[in-house]
Amino acid sequence: MATMNMIQAINSAMDVMLTRDPNVLVFGEDVGYFGGVFRATEGLQKKHGVKRCFDTPIGEGGIVAVAIGMGAYGLRPIVEIQFADYIYPAFDQLVSEAARLRYRSAGDFFAPMTVRTPYGGGIFGGQTHSQSPEAIFTHVAGLKTVIPSTPYDAKGLLISAIEDNDPVIFLEPKRIYNGPFDGHHDRPVQPWSKHPASEVPDGYYKVPLGKAAVVREGNDLTILAYGTMVHVALASTEDAGLDAEVIDLRSLLPLDIDTVTKSVEKTGRCVIVHEATRTSGFGAELAALVQENCFYHLEAPIERVTGWDTPYPHAFEWDYFPGPKRVVEAMRRVMEA
Amino acid sequence: MATMNMIQAINSAMDVMLTRDPNVLVFGEDVGYFGGVFRATEGLQKKHGVKRCFDTPIGEGGIVAVAIGMGAYGLRPIVEIQFADYIYPAFDQLVSEAARLRYRSAGDFFAPMTVRTPYGGGIFGGQTHSQSPEAIFTHVAGLKTVIPSTPYDAKGLLISAIEDNDPVIFLEPKRIYNGPFDGHHDRPVQPWSKHPASEVPDGYYKVPLGKAAVVREGNDLTILAYGTMVHVALASTEDAGLDAEVIDLRSLLPLDIDTVTKSVEKTGRCVIVHEATRTSGFGAELAALVQENCFYHLEAPIERVTGWDTPYPHAFEWDYFPGPKRVVEAMRRVMEA
Amino acid sequence: MKNRKPLSLHIPEPEARPGEQPDFSAIKVPEAGSVRRPDPDAPDHEIRDLAYSLIRVLDDKAAAVGPWNPRLDPETLRRGLRVMMLTRAYDDRMYRAQRQGKTSFYMKCTGEEACSIAAAFALDRDDMCFPSYRQQGILIARGYPLVTMMCQVYSNELDPLKGRQLPIMYSSKKNSFFTISGNLGTQFPQAVGWAMASAYKGDDRIAASWIGDGTTAEGDFHQALNFASVYRAPVILNVVNNQWAISSFSGFAGGEETTFASRAIGYGLPGLRVDGNDFLAVYAATDWAATRARNNNGATLIELYTYRAEGHSTSDDPTRYRPSDEWKAWPLGDPIERLKDHLIALGEWSEERHEQTQKEVVEEVRAANKEAESHGVLGGDKKPSVKTMFEDVYEEMPWHLRRQRQQLGV
Amino acid sequence: MKNRKPLSLHIPEPEARPGEQPDFSAIKVPEAGSVRRPDPDAPDHEIRDLAYSLIRVLDDKAAAVGPWNPRLDPETLRRGLRVMMLTRAYDDRMYRAQRQGKTSFYMKCTGEEACSIAAAFALDRDDMCFPSYRQQGILIARGYPLVTMMCQVYSNELDPLKGRQLPIMYSSKKNSFFTISGNLGTQFPQAVGWAMASAYKGDDRIAASWIGDGTTAEGDFHQALNFASVYRAPVILNVVNNQWAISSFSGFAGGEETTFASRAIGYGLPGLRVDGNDFLAVYAATDWAATRARNNNGATLIELYTYRAEGHSTSDDPTRYRPSDEWKAWPLGDPIERLKDHLIALGEWSEERHEQTQKEVVEEVRAANKEAESHGVLGGDKKPSVKTMFEDVYEEMPWHLRRQRQQLGV
Ligand SMILES: Cc1ncc(C[n+]2csc(CCOP(=O)(O)OP(=O)(O)O)c2C)c(N)n1
Ligand SMILES: Cc1ncc(C[n+]2csc(CCOP(=O)(O)OP(=O)(O)O)c2C)c(N)n1
Ligand SMILES: [Mg+2]
Ligand SMILES: [Mg+2]
């Protein structure tokens with residue numbers, strides 16, 4: 001056991017897998033000698049060699065295409081897209097290729113690759129270093145989409161993703177790399193070390209894909225969240241003084257529908273929180289599923305608290321970010337309804 | 001007035017605009033001398049000259065990027081992406097550029113362009129000539145997404161899109177280019193000429209973006225549809241012998257929420273139909289919005305009838321396509337609930 | 001505006017349109033044997049001239065001449081000829097099947113057979129191929145059963161791809177033939193990745209990929225060449241320049257300004273420009289590039305100069321955009337005729353044996369088709385179980401797909 | 001596996017890492033004046049050699065020599081020098097401001113000033129520029145107010161971009177300066193589109209764009225060159241090769257194998273390789289390409305060979321991946337020093353006037369910053385109205401954004 005922040009946990013997951021499996025390799029922009037702009041691959045090249053962890057040209061499409069070819073050969077590439085905002089040049093290779101190989105070749109070929117990429121705002125990155133594109137990937141049959149909210153989950157989920165034989169989009173909430181940010185940007189930053197989930201085994205372990213975590217049990221209402229928003233949801237529960245059940249989805253696809261349904265059937269009320277823009281965000285799918293599965297238990301409209309349908313504005317992060325204030329308001333509305 | 005099928009109506013819209021506005025030009029793969037693989041630009045190069053309607057390299061990213069640059073200069077480019085399945089190489093230019101110019105430059109620059117692209121299945125095109133990617137574009141702040149269901153609307157909406165100062169993704173339901181296919185693939189194909197909406201003015205007229213059409217008034221339930229599915233919804237209403245109110249959204253974004261809300265408040269029941277894969281499809285956003293806006297009027301769970309979460313399989317089109325049989329079943333479930 | 005001459009926009013135009021005389025006068029065809037053959041390990045900057053010449057082995061008298069002559073034994077040449085004839089017969093039969101409504105779509109490679117088949121002969125059987133939809137010749141060269149190919153075209157009960165793919169989008173890992181994509185060019189950088197993996201593992205298998213002239217315009221073309229250059233990947237990147245991309249001539253891919261082979265130069269890669277209708281030239285160039293790759297000297301870009309003799313696909317009507325008799329005027333002839341004449345010139349073949357072989361391949365195709373059709377054609381009821389529609393989206397079927405399968409009641 | 005030598009994967013490595021001696025011995029620097037200057041209308045295939053040479057005008061004695069000497073009058077040279085000095089002073093001040101917590105982020109162009117400023121001098125004021133984040137020099141050369149630039153960097157109440165953009169992502173249509181994107185390379189093909197539009201309209205304005213060496217790896221680089229080639233667009237495509245892409249040296253963009261200028265060759269475009277720290281060489285090459293474009297002879301790719309003297313951005317620490325004193329060893333020196341020495345050699349400048357000017361520009365920047373800060377810095381309360389966050393997503397605000405604005409209560 002060691003105390004790790006999320007970057008260290010992610011680094012440890014790759015280190016463990018590079019050590020266990022000679023077919024695992026890591027590449028992306030600045031991930032080699034430098035160790036990545038967020039330091040996620042720090043030390044991996046030195047320890048495992050330049051052929052196991054190396055830099056690439058700045059061509060996200062090429063990075064993903066090459067990983068697909070390697071996967072078809074039999075390797076398990078882990079690629080880093082420096083920011084989720086820059087994954088779009090690789091979109092065709094992800095949607096038309098990585099996601100489709102297995103189906104169109106009837107299992108002959110597949111792409112056992114993991115695409116790691118930091119997402120989300122709250123670091124004054126402006127509109128091209130803050131986006132949350134997860135919903136788009138959940139619309140693509142053949143892709144899995146995973147988002148951790150703690151160091152422990154990050155390592156366990158990443159190892160599961162690496163060993164998965166399907167392509168996994170592994171979105172890392174960069175705002176909580178170094179501490180469990182709860183949306184109270186005016187308060188001092190908390191380090192992970194104070195959080196129980198920073199206790200991370202040094203070695204190999206997995207957190208399964210497709211299983212959500214009930215991070216707080218409660219009876220008043222259900223909050224569905226993932227990534228940074230899990231911590232915002234918990235803080236909002238405190239602030240609201242309500243007995244909310246907070247569910248950390250962890251995998252968006254496959255989704256743990258049973259845990260979601262069970263909770264909403266119990267509480268009858270549901271608030272969905274994400275940082276991505278609202279329209280056609282993953283909250284829409286969650287709302288649709290919840291009303292399909294729990295209609296007769298619902299006592300209030302399902303609320304979505306999300307980023308606004310605008311780019312992420314540099315100077316207005318805290319007006320844009322769906323923080324505790326807005327979540328609490330939504331919780332109250334849902335309770336009063 | 002003339003009788004036009006949808007291809008002719010789309011061709012006429014571009015012809016009218018090329019004639020009215022010297023800043024309008026049309027380009028894309030095979031759209032020039034040949035007139036497009038679906039004949040949408042037939043005769044335009046001959047009539048307006050090679051500089052107004054021409055072929056391009058097979059680089060969707062370049063096509064859209066060049067259109068953005070032309071828009072920044074002051075032109076109004078209309079580009080054709082040969083199949084919606086092939087729009088992904090242009091995804092970054094659409095999402096990060098066309099959609100963002102106005103915002104990031106505070107109105108200094110914008111992209112008054114129209115991206116025409118045939119979408120949807122039912123023509124045995126297999127998984128790469130059948131996709132319906134509309135939901136993805138509705139998640140992108142800064143883009144408008146429009147889908148016509150008749151020749152009359154196609155021309156009027158396309159002219160509105162061309163004159164709009166924001167980038168518009170204009171998705172054309174290729175299955176109904178030549179006739180209003182209602183999902184009964186086992187019945188003889190109907191030509192547009194038998195349909196009132198094939199009466200199309202020769203000249204300039206507009207159908208406004210952001211306005212839905214109630215194509216059938218009814219009291220039992222509301223069906224939300226667009227493109228080919230509008231005709232499937234109407235046929236299903238017949239088949240089910242139910243008094244459904246059928247709404248053709250026409251614009252997905254901006255969405256005509258008032259027409260949707262008004263209808264569901266009246267009927268209390270709602271079925272959403274689209275051909276795109278189900279998870280995180282536009283039906284999810286519609287379901288989320290309907291339950292947010294009409295919760296207290298809803299008497300049954302909102303149902304989604306959609307394509308399955310698989311690629312579009314060549315040999316199983318009619319098992320994949322959400323035809324009348326599945327829509328009728330959903331209508332019955334919603335009525336019996 | 002200042003007092004300057006106005007700018008004007010250039011739009012490329014092909015030499016001839018329907019109703020006009022085919023005009024290939026702009027094409028310079030060098031003498032067979034006239035192009036030097038450098039050492040396969042020569043530095044790229046010493047061989048840039050090869051991107052602007054045209055490697056040819058078969059001369060006008062059907063003799064094999066010059067430094068690129070691979071000196072293949074007659075038996076190999078006869079096998080090559082037969083595979084090309086078989087491929088053309090297969091194409092003709094499948095084209096007819098589509099016209100007869102037995103399938104939805106078909107694409108021929110007529111006139112381009114050497115581009116895939118001679119290359120397949122020069123490669124090892126386990127070198128990995130990442131083809132486009134016009135390299136069915138590779139599968140036939142490698143002995144993949146015609147019946148199986150036809151079952152894919154018919155999406156019938158024996159279709160190895162379970163009715164999921166458009167006709168001709170074959171896949172066969174056993175034959176080192178990558179699953180064909182409908183999205184142009186995506187396989188080019190994937191081939192580079194496969195080759196990088198082979199190098200990473202210290203394997204000795206190389207990769208080869210094929211795209212068309214029009215497809216060079218996709219961003220993936222650039223990704224492939226750049227990654228191949230940076231990591232010196234053991235891969236052969238073929239551009240089949242058949243002059244047309246559906247209705248657009250190669251000028252819309254940049255072919256008006258220079259050669260496609262010369263694209264290699266800016267990446268520090270060798271670019272070879274080859275007579276794609278010359279079986280021996282294609283073999284020799286592929287062999288040269290394979291040797292280079294196996295010696296850890298990295299990738300080669302090969303432009304295979306040929307002509308698309310028929311329509312782009314069964315959905316296309318080429319008489320709408322080019323003179324109908326253009327192929328007859330094509331200066332590089334027909335790869336089958338040229339190899340046939342060569343074998344005859346060698347005294348290793350005759351008109352009679354050729355006719356005999358033609359009968360055989362047609363019969364072989366007919367018999368295969370009979371068997372394939374007995375397992376169903378598109379739209380018939382002999383097809384894979386509908387259940388399979390939900391399989392292979394993921395390795396394990398997630399709950400939402402299981403639920404959807406139940407909803408469909410299968 | 002057959003009995004063959006195993007393949008191996010090549011991973012590029014830079015000459016020197018932290019702790020090692022800077023080593024630029026591999027860089028061949030030709031004599032100033034030694035490269036021929038062909039006619040700007042010369043066919044591309046006659047001038048391929050220019051992609052492999054290095055156009056230089058200022059020699060070691062700071063004299064302007066050779067056919068590329070633009071023969072600029074001393075007044076113009078002094079203006080150029082002053083703009084470069086002003087730009088460097090501006091960068092230093094804004095860098096400090098970031099360190100002082102007055103903004104979130106900043107990027108300097110130190111050492112690369114000539115690449116943008118000399119080009120701006122050679123272009124017309126209304127030629128349209130599509131820059132990356134390292135061409136702030138263009139705005140300063142065109143007289144865009146420093147205060148306005150600073151207000152953008154501070155996202156304050158006078159920020160013309162209303163606090164929406166990351167610092168340095170300027171936009172000024174009035175100055176024919178396109179809105180900078182955070183997404184690398186997207187502006188390259190957009191510039192081609194703008195140039196095509198200008199040609200379509202019979203206008204006489206041309207376009208110019210700048211990207212970095214690392215960015216050449218994006219698919220948009222290929223789109224730009226290919227569309228520019230096919231339609232002969234009047235555009236100048238600049239690659240600022242400053243040797244580094246954050247922590248990755250240019251070898252990861254293909255720079256290990258050949259020059260970036262040579263990328264032009266495969267598109268039938270001229271490629272010029274230019275000493276990017278030589279104000280006169282950059283001016284002359286830009287002028288040559290502009291003349292060619294205005295004569296309807298299409299696009300030119302210019303590689304500006306320079307060195308990124310400082311960190312990639314305020315978020316970067318270059319001592320982690322390269323020798324800290326590498327810039328000192330850079331064989332092409334400092335563009336400001338070289339132009340200064342040239343003016344002194346001409347007898348048109350002196351150490352005293354230089355010091356005087358240095359004082360002036362620092363004072364100009366100080367005063368501008370004082371005024372800018374009086375309108376607020378990032379995180380302060382003097383910023384645009386929050387309302388504006390919902391504006392300009394579309395020309396007219398749709399209902400859902402109006403509703404969201406109400407929800408925020410602004
Ligand atoms: C990304 C993408 N864009 C467009 C298409 C439509 N399309 C299919 S084949 C083709 C022409 C390809 O021409 P070329 O590359 O020369 O290959 P050829 O057909 O001549 O062998 C086009 C435009 C596609 N399949 N994929
Ligand atoms: C599409 C995309 N991928 C990655 C990044 C992250 N990024 C920002 S700058 C940079 C390096 C660019 O290097 P270069 O093109 O040489 O320009 P320079 O910074 O040296 O001027 C990277 C990788 C980005 N902004 N956009
Ligand atoms: Mg072709
Ligand atoms: Mg650089």
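This structure is a prediction, so every number in the text was calculated from the model and none was measured. Every chain is numbered from 1, with letters handed out A, B, ... down the list of sequences.
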- Message: I need the residue from D:Ala199, D:Ser198, D:Ser229 with the largest number of non-hydrogen atom pairs under 4.5 Å to chain C.
- Response: D:Ala199

- Value rounded to 0.5 Å, distance of OH in D:Tyr231 from CG in C:Leu9: 8.0 Å

- Separation between CG of C:Leu7 and CE of D:Met196, rounded to the nearest 0.5 Å: 13.0 Å

- Message: Can you list everything that forms a salt bridge (Lys or Arg N to Asp or Glu O under 4.0 Å) with C:Glu15? Sequence neighbours excluded, please.
- Response: none

- Among D:Tyr267, D:Tyr200, D:Phe221, single out the residue with the greatest number of heavy-atom pairs under 4.5 Å to chain C. D:Tyr267

- Query: C:Arg294 pairs by salt bridge (charged side-chain N to carboxylate O under 4.0 Å, His left out) with which of C:Asp204, C:Asp124, C:Asp203?
  - Reply: C:Asp124

- Message: If I measure from the heavy atoms of chain D, does C:Ala253 come under 4.5 Å with its side chain, its backbone, both, or neither?
- Response: backbone

- Task: Under the side-chain hydrogen bond (donor to acceptor under 3.5 Å, both in side chains) rule, what do D:Asn183 and D:Thr186 come out as? Steps first, then yes or no, please.
- Result: CA-CA 6 Å; D:Asn183 300 65; D:Thr186 49; 5.8 Å; no

- So CG of C:Leu237 and CZ of C:Arg263: to nearest 0.5 Å the spacing works out to 13.5 Å

- Considering heavy atoms only, which positions within residues 187-195 of chain C lie below 4.5 Å of chain D? none

- Taking all heavy atoms of D:Pro270 and all of D:Arg292, pick out the closest pair and write down the distance. CG-NE, 3.3 Å

- Query: Would C:Asn241 and C:Arg308 count as having a side-chain donor-acceptor pair, cut-off 3.5 Å?
  - Reply: no

- Item | Contact winner vs chain D - C:Ile265, C:Val230, C:Asn295, heavy-atom pairs under 4.5 Å | C:Val230

- Query: Considering only heavy atoms, which portion of D:Phe227 lies under 4.5 Å from any heavy atom of chain C: side chain, backbone, both, or neither?
  - Reply: neither

- Task: Please list, in residue-number order, every residue in residues 254-261 of chain D that has a heavy atom less than 4.5 Å from any heavy atom of chain C; write 'none' if there are none.
- Result: D:Gly254, D:Glu256, D:Glu257, D:Thr258, D:Thr259

- Task: Check the pair C:Leu301, C:Leu269 against side chain to side chain contact (heavy atoms under 4.5 Å, CB included), reporting the backbone distance first and the verdict last.
- Result: CA-CA 7 Å; C:Leu301 179 70; C:Leu269 296 174; 5.6 Å; no

- D:Phe178-D:Phe130 aromatic ring centre distance below 6.0 Å: yes

- Of the listed residues (C:Ala197, C:Pro234, C:Ala217), which shares the most heavy-atom pairs with chain D below a 4.5 Å separation? C:Ala217

- Message: Which atoms of D:Asp220 are under 4.5 Å from chain C, going by heavy atoms: the side chain, the backbone, both sets, or neither?
- Response: neither

- State which residues pass salt bridge (Lys or Arg N to Asp or Glu O under 4.0 Å) with D:Asp23; sequence neighbours excluded, sorted by chain then number. none

- Could you verify whether a donor N or O on one side chain and an acceptor N or O on the other, from D:His45 and C:Tyr52, lie under 3.5 Å apart? no

- Could you give me the CA-CA distance, side-chain angles and deciding distance for D:Asp213 and D:Val240, then say whether side chain to side chain contact (heavy atoms under 4.5 Å, CB included) is met? CA-CA 6 Å; D:Asp213 50 303; D:Val240 181; over 6 Å; no

